[in-house]
Amino acid sequence: MTASIGIWAQGDLTGEIVLYRWEADGKTGFVTFEVPTRRFRPADHTGQPIGDLVLDLVADELSGTAAGVDRRLFSKATVAIMRAYRRAGTAPATAHAFYH
């Protein structure tokens with residue numbers, strides 16, 4: 001079975017923090033990407049963090065909690081954004097991914 005995750009930037013791509021909306025498995029969520037530090041946090045639609053869950057890719061560490069956040073989909077979204085970031089060298093406008 002093929003699965004996918006759609007990811008779209010929701011604002012200014014040149015800022016230090018970029019808000020992304022993701023859709024997968026019939027669910028929708030938001031994540032912020034802190035570009036200078038390579039940290040990701042689950043967020044609401046306004047970009048406000050949900051809980052204290054943080055994925056720090058520089059330290060390779062996931063810490064904290066966030067009530068109601070699907071960690072598997074949060075992780076898939078962050079991996080897809082980071083892949084697109086590495087290809088582009090800047091925060092991407094989209095970061096869709098397909099899984100088989």
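Considering all non-hydrogen atoms of both residues, A80 and A95 come closest at CB-O, 3.3 Å. Closest heavy-atom contact between L13 and P92: CD2-O, 3.4 Å. Pairing each heavy atom of L53 with each of G64, the nearest pair is CD1-O, 3.4 Å. The minimum heavy-atom distance between I50 and A66, with the atom names listed, is O-CB, 3.2 Å.
A distance of 10.5 Å separates CH2 of W22 from NZ of K76, quoted to the nearest 0.5 Å. To the nearest 0.5 Å, atom NZ of residue K27 and atom CG of residue D70 are 4.0 Å apart. Atoms CD1 and OG1, on I7 and T78 in that order, are 8.5 Å from each other to the nearest 0.5 Å. Atom OH of Y85 is separated from atom OG1 of T90 by 7.0 Å, given to the nearest 0.5 angstrom. For the atom pair CG (L57) and CZ (R86), the distance works out to 6.5 Å, reported to the nearest 0.5 Å. One distance of note links CZ of R41 with CG of D56; it measures 9.0 Å at 0.5 Å rounding.
R21 meets the side chain to side chain contact (heavy atoms under 4.5 Å, CB included) test with W8, Q10, E23, T28, F30; sequence neighbours excluded. Residues passing the side chain to side chain contact (heavy atoms under 4.5 Å, CB included) test with D12, sequence neighbours excluded: T14.
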Go through D52 and T65 one step at a time and tell me if the side-chain contact (heavy atoms from CB on, under 4.5 Å) criterion holds. CA-CA 6 Å; D52 63 354; T65 61; 3.6 Å; yes
Worked verdict on V35 versus E16 for side-chain contact (heavy atoms from CB on, under 4.5 Å): CA-CA 5 Å; V35 180; E16 290 191 5; 5.8 Å; no
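Residues L62 and V31 share a single hydrophobic cluster, defined by chaining ILVMFWY side chains whose heavy atoms lie under 4.5 Å apart. Hydrophobic cluster membership is shared by I81 and V69, with clusters built from Ile, Leu, Val, Met, Phe, Trp and Tyr side chains linked at under 4.5 angstrom.
Proximity of R39 to F33: side-chain heavy atoms (C-beta onward) are nowhere separated by under 4.5 Å.
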